[in-house]
> 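Take a look at this one; I'll ask things after.
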Amino acid sequence: MTVLTHTRPTPPLANLNQLLPIQQDIFNTCMEHADTARDTDTFNRAMTLAAKAIQTDLPPSGCIVKCACSTCYCDAIFDPATPGLHRAEPSGPYNLPRYQCTGCTDDHPTPTED
Ligand SMILES: [Zn+2]
Ligand SMILES: [Zn+2]
């Protein structure tokens, strides 16, 4: 087990475009289901399946998301509970938070309106 230092950005769990098309399909479908889930059970099941599809363990936050960067075509999948992430969009009528990954947060954070 490697200890992460705080000087480097946390690497993503996976990059969507490096996965098999079938994995991408399952992941995307799970994300849609999680996003529109009306109860916690449905949400959790969709998340568990999404993590399985990309062959990773669900982080303690119980949630994984794809980078919501609007500046580049980033395909990083990461834990939205990672410290220091930049919110890409204000929260909408969705379950999933819209965050930029650590790389995008570093390179080109989207301006936020408060
Ligand atoms: Zn990104
Ligand atoms: Zn980006």
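The shown structure was predicted, so the numbers you read here are calculated from the model rather than taken from an experiment. Throughout, numbering of the chain's residues begins at 1 and tracks the sequence.
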> Return a table of donor-acceptor pairs under 3.5 angstrom between the side chains of residues 71-79 and protein atoms on other chains or two or more places apart.
| residue | atom | partner | partner atom | Å |
| --- | --- | --- | --- | --- |
| Asp75 | OD1 | Asn15 | ND2 | 2.9 |
| Asp75 | OD2 | Asn17 | N | 2.9 |
| Asp75 | OD2 | Asn17 | ND2 | 3.4 |
| Asp79 | OD1 | Ser61 | OG | 2.7 |
| Asp79 | OD1 | Ala81 | N | 2.8 |

> Not counting sequence neighbours, which residues clear side-chain hydrogen bond (donor to acceptor under 3.5 Å, both in side chains) with Asn95? List them please.
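side-chain hydrogen bond (donor to acceptor under 3.5 Å, both in side chains) list for Asn95, sorted by chain: empty.
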> Does some side-chain heavy atom of Met31 sit less than 4.5 Å from a side-chain heavy atom of Thr36?
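They are not in contact (no side-chain heavy atoms under 4.5 Å apart), so the answer is no.
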> Does any non-hydrogen side-chain atom of Cys69 lie less than 4.5 Å from one of His86?
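Not in contact.
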> If the condition is side-chain hydrogen bond (donor to acceptor under 3.5 Å, both in side chains), which residues does Asp35 pass it with, not counting sequence neighbours?
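Partners of Asp35 under the side-chain hydrogen bond (donor to acceptor under 3.5 Å, both in side chains) test: Arg98.
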> For residues 18-25, please give each side-chain donor-acceptor pair under 3.5 Å, one per line with the distance, not counting sequence neighbours.
| residue | atom | partner | partner atom | Å |
| --- | --- | --- | --- | --- |
| Gln23 | OE1 | Leu20 | N | 2.9 |
| Gln23 | NE2 | Ala53 | O | 2.9 |
| Gln23 | NE2 | Gln55 | OE1 | 3.2 |
| Gln24 | NE2 | Leu16 | O | 3.1 |
| Gln24 | NE2 | Leu19 | O | 2.9 |

> Within the structure provided, determine whether Cys30 and Ile26 are in side-chain contact (heavy-atom separation under 4.5 Å).
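With C-beta onward as the side chain, the pair touches.
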> A side-chain contact here means heavy atoms from C-beta on lying under 4.5 Å apart; do Phe27 and Ile64 qualify?
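Yes, at least one pair of side-chain atoms sits under 4.5 Å.
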> Taking salt bridge (Lys or Arg N to Asp or Glu O under 4.0 Å) as the test, write out the residues that go with Asp39, two or more places apart.
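Residues passing salt bridge (Lys or Arg N to Asp or Glu O under 4.0 Å) with Asp39: none at all.
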> Evaluate the side-chain proximity of Arg87 to Gln100: yes if any heavy-atom separation is below 4.5 Å, no if none is.
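With C-beta onward as the side chain, the pair stays apart.
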> By side-chain hydrogen bond (donor to acceptor under 3.5 Å, both in side chains), which residues pair with Asp57, not counting sequence neighbours?
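Once residues adjacent in sequence are excluded, Asp57 has no partner under the side-chain hydrogen bond (donor to acceptor under 3.5 Å, both in side chains) criterion.
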> Can you tell if the side chain of Pro12 reaches within under 4.5 Å of the side chain of Cys101, non-hydrogen atoms only?
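When only atoms from C-beta onward are counted, Cys101 and Pro12 do not touch, as no gap falls below 4.5 Å.
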